[in-house]
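Everything on this sheet refers to the single structure shown next.
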Amino acid sequence: MPDTMVATRPDTDNRAAQYDAIVIGGGISGMYMLYRLRELGMTAIVFETGTDVGGTWYWNRYPGARFDSESWTYGYSFSKELMQEWDWKEHFSPQPDTLEYLNLVADKFDLRRDMRFRSTVTAAHWDDAANQWTVTLDGGEQFRSRFLITAIGILSAHTLPAIPGRDSFRGPAYHPARWPHEPVDFRGKRVGIIGTGATAIQAIPEIAKECAQLTVFQRRPNWAAPLHNAKISKQEMEEIKSRYEEIYARCAQTSGWFIHETDRRKTMDVPPAEREAFWEKLYAEPGFGIWMGNFRDILTDETANAEISRFVAKKIRQRVKDPKVADKLIPKDHGFGTRRVPLESDYFEAFNRDNVELVDINETPIERITETGVRTSDRDHVFDILIYATGFDGVTGAFDRIDIRGPGGIRLKDVWADGPRTYLGMQPDRFPNMLMVLGPHTARGNIPRAIEHAVDFQAGLLRFVQQHGYTRVETRAEQVEDWTQTVIKASDALLSSKIDSWQTGVNRNVEGRSVRRVLGYNGHGIHFRRKCEEVIANDYRDFSFR
Ligand code: NAP
């Protein structure tokens with residue numbers, strides 16, 4: 001073990017236990033980071049709030065929860081043996097199978113040995129003299145480490161609706177990101193769901209099939225397109241396994257690290273009939289093709305965007321029997337693809353059922369939650385179960401929930417008050433020895449692909465620190481400024497930058513979250529990869545070491 005690292009064994013009983021690295025979060029990021037840290041010979045511990053591994057797939061157990069990435073592009077690629085061992089059962093894996101997969105990974109690499117569950121990190125303070133972090137858990141226990149690595153996800157800080165009386169409902173009320181571990185029995189029940197984002201769009205058709213009555217409270221509709229999920233046969237899985245290298249190489253080349261890539265043509269350059277046929281084809285295909293494999297200007301040009309929006313609106317009208325309901329389900333305040341597109345399975349058809357009612361709360365606003373249900377301006381809706389599918393304080397929310405302080409006691413929350421400042425989304429400005437997997441201002445898209453890329457980059461950086469006997473790595477102000485401007489510029493031309501969503505940092509249930517911010521790198525994935533490769537080739541000179 002290199003002498004710059006703190007050579008102690010993980011010892012969770014020791015109040016002053018010291019590690020080379022503390023990782024916050026036991027999801028896909030934290031699990032892989034632990035694997036890499038061990039490879040580097042570093043002592044490490046992962047703290048996780050949940051009772052087991054899985055992160056997003058541990059928490060989001062609601063009916064209908066599944067991937068919108070093709071399953072066979074989603075798994076870890078660091079172990080060929082693992083890739084050959086695991087069979088995906090569906091092209092878009094449902095949550096229980098994904099959690100099973102992550103449990104297999106944890107077992108196979110004996111990850112739980114260095115993970116502590118039911119452990120929420122409440123604070124992380126930098127000790128400038130010792131070049132170390134002190135990390136505090138919710139029970140008050142403290143740990144020290146040379147490095148602090150956040151693996152806290154971009155959609156982990158769930159938010160409840162800021163509606164009066166929210167806690168007065170007497171029946172069970174669930175947020176999908178805190179769904180019970182035992183199945184919820186909807187049979188014969190009157191169910192109310194608030195929100196029509198990706199989560200609700202997955203849950204609604206499933207719950208509708210089972211419950212007596214489902215009332216959907218919609219503030220703003222979202223554009224959604226068919227997922228076209230299907231089972232994977234044994235033979236098909238064997239064929240996928242034989243092509244993994246090619247599949248992952250493809251993901252590494254595309255804009256969003258999915259298998260889909262933008263069509264180089266411009267919408268209005270293509271004759272209308274050909275355009276329509278292309279869109280029909282995309283609409284009938286599985287996955288994100290309609291969003292990420294579409295003409296190159298649909299997300300930047302108002303006219304092109306209006307055309308694709310018209311097409312998708314037409315499809316919604318074809319699928320929903322009642323024209324008034326169809327009209328309510330068609331977004332008017334934003335164009336197709338300017339918010340992350342939920343992929344659905346029979347979402348629109350759910351509104352053709354007799355037991356599903358759509359309540360447009362712009363017409364009849366919610367006044368309060370009552371003991372028995374939801375009071376809108378025109379009536380009392382009585383429910384047995386309420387679901388708050390009201391989303392997350394995206395990207396920076398999970399950071400804000402931890403009291404992170406750098407040199408001189410500066411708070412990360414304050415430094416980021418006007419927007420994040422990072423280098424490559426890998427390290428926050430002014431916070432030494434803190435690394436972020438999926439930090440703000442990084443490239444995202446197909447999440448596990450982004451995670452593996454970030455963890456590999458950071459493992460390389462840590463190896464460099466080890467090899468040179470450094471004890472401290474931090475950002476350079478000029479590089480941070482340059483990267484921040486690059487990120488802002490990459491979002492400038494996108495229509496999505498002018499739309500409120502978790503991706504632009506807006507969540508009206510959270511104080512101070514009404515101003516749009518740029519929270520991700522929206523340039524081409526390949527540019528991000530090249531930039532990172534340049535930094536590595538230049539011996540990480542963009543960072544500063546001591
Ligand atoms: P979301 O997209 O932010 O949707 C939240 C919904 O709740 C919106 O319809 C919002 O309405 C509504 N809402 C919030 N507060 C409300 C209030 N006080 N009163 C009434 N309505 C309220 O959150 P999400 O559905 O959880 O999805 C978030 C992201 O998670 C997705 O974009 C996606 O990236 C990810 N996700 C992925 C999958 C997948 O397929 N793999 C599935 C689920 C989620 P407004 O729009 O009017 O604010």
Side-chain angles (χ1 to χ4, degrees), residues 28 55-57 59-71 73-74 92-95 98 153-166 174-179 192-204 206 216-227 229 256 258 286-288 291 329 331-334 337-345 347 358-362 364-369 374 376 386-395 397 438 444-448 450 496 499-510 513-514 519-520:
I28 295 176
T56 287
W57 304 106
W59 294 108
N60 289 269
R61 295 165 187 249
Y62 61 87
R66 63 171 68 248
F67 290 164
D68 51 16
S69 310
E70 286 72 8
S71 307
T73 70
Y74 195 96
F92 299 88
S93 177
Q95 176 272 337
T98 308
I154 51 169
L155 291 161
S156 55
H158 70 291
T159 50
L160 293 166
I163 299 177
R166 190 188 64 208
Y174 306 116
H175 190 290
R178 286 295 177 278
W179 201 260
I193 182 164
I194 298 177
T196 50
T199 299
I201 285 173
Q202 287 186 330
I204 285 166
E206 295 302 316
V216 179
F217 294 93
Q218 174 183 269
R219 187 162 64 185
R220 279 186 300 165
N222 273 296
W223 294 102
L227 177 68
N229 183 36
F258 291 92
F288 270 141
W291 187 35
L329 290 167
K332 312 288 186 307
D333 66 341
H334 68 284
T338 60
R339 296 171 111 192
R340 197 175 192 278
V341 178
L343 295 181
E344 44 82 27
S345 306
Y347 174 64
L358 180 66
V359 174
D360 180 346
I361 61 169
N362 301 296
T364 52
I366 296 177
E367 289 180 348
R368 60 180 302 109
I369 307 293
V374 175
T376 51
L386 253 184
I387 300 168
Y388 298 131
T390 43
F392 301 85
D393 185 4
V395 190
L438 289 188
R444 293 197 296 259
N446 194 357
I447 295 291
S496 57
I499 304 297
D500 290 351
S501 73
W502 68 263
Q503 290 183 294
T504 50
V506 177
N507 183 328
R508 293 189 199 283
N509 298 309
V510 182
R513 285 280 187 264
S514 53
L519 293 180

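Every number for a ligand or one of its atoms is a count from 1 in the order of the listing.
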If you measure every N or O of W57 against every N or O of ligand 1, does any of those distances drop under 3.5 Å? no
So does D68 pair up with R340, basic N to acidic O under 4.0 Å? yes
the protein heavy atom lying closest to atom 29 (C) of ligand 1 turns out to be W502 NE1, 3.4 Å
Measuring only between side-chain heavy atoms, which start at C-beta, is V506 closer than 4.5 Å to R513? no
Report the part of I194 in contact with ligand 1, treating N, CA, C, O as backbone and CB onward as side chain, heavy atoms under 4.0 Å; options are side chain, backbone, both, neither. side chain
Taking heavy atoms and a distance under 4.0 Å, where does Y62 meet ligand 1: side chain, backbone, both or neither? side chain
Can you tell me which portion of L155 lies within the under-4.0 Å heavy-atom range of ligand 1? Options are side chain, backbone, both, or neither. side chain
Taking only heavy atoms of R220, which atoms of ligand 1 are found under 4.0 Å from at least one of them? 45 (P), 46 (O), 47 (O), 48 (O)
For D68, the ligand 1 atoms whose distance to one of its heavy atoms is below 4.0 Å: 39 (C), 40 (O), 41 (N)
Identity and distance of the protein heavy atom lying nearest atom 18 (N) of ligand 1: N509 OD1, 3.1 Å
What protein heavy atom lies closest to atom 36 (N) of ligand 1? Include the residue and the distance to one decimal. A198 CB, 4.0 Å
Ignoring hydrogens, just give me the one of R219, R66, H175, R339 whose non-hydrogen atom is nearest atom 46 (O) of ligand 1. R339
Taking the side chain as everything from C-beta on, heavy atoms only, tell me whether I361 gets closer than 4.5 Å to Q218. no
What I'd like to find out is whether the side chain of Y74 reaches to under 4.5 Å of the side chain of F67, using heavy atoms alone. yes
Which is closest to atom 23 (O) of ligand 1 in terms of heavy atoms, G391, A389, P365, P161? G391
Min N/O separation Q202 to ligand 1 under 3.5 Å: yes
For R508 and S514 the tightest heavy-atom approach is NH1-CB, 3.5 Å
Show me which atoms of ligand 1 lie under 4.0 Å from any heavy atom of R340. 32 (O), 33 (C), 34 (O)
Note the single closest protein heavy atom to atom 24 (P) of ligand 1, along with its residue, its atom name and the distance in Å. T199 OG1, 3.3 Å
Atoms in ligand 1 flagged as close to T196, the criterion being non-hydrogen separation under 4.0 Å: 6 (C), 8 (C), 9 (O)
Which of parallel (below 30°), tilted (30 to 60°) and perpendicular (above 60°) describes Y174 and W179? tilted
With the side chain counted from C-beta on, respond yes when H158 and Y388 share a heavy-atom pair under 4.5 Å apart, and no when they do not. no
At less than 4.0 angstrom from any non-hydrogen atom of G195, what atoms of ligand 1 do you find? 6 (C), 7 (O), 9 (O), 12 (C)
ring-ring contact (aromatic ring centres under 6.0 Å, His included) for W291 and F258? Distances and angles first, verdict last. CA-CA 11 Å; W291 187 35; F258 291 92; 7.6 Å; no
Hey, are the side chains of T376 and F217 touching, using non-hydrogen atoms and a 4.5 Å cut-off? yes
Answer yes or no: is there an ion pair linking D500 with R339, defined by an N-O contact shorter than 4.0 Å? no
With a 4.5 Å heavy-atom cut-off, do I163 and V374 have their side chains touching? no
Residue portion contacting ligand 1 (non-hydrogen atoms closer than 4.0 Å) for I361: side chain
Considering heavy atoms of the protein only, find what lies nearest to atom 2 (O) of ligand 1 and give residue, atom and distance to 0.1 Å. G197 CA, 3.7 Å
Of the backbone atoms (N, CA, C, O) and the side-chain heavy atoms from C-beta on, which set of I366 has a member under 4.0 Å from an atom of ligand 1: side chain, backbone, both, or neither? neither
Student check: side-chain heavy atoms of Q95 and N60 closer than 4.5 Å: no
Side chain or backbone of F392 under 4.0 Å from ligand 1, or both, or neither, by non-hydrogen atoms? side chain
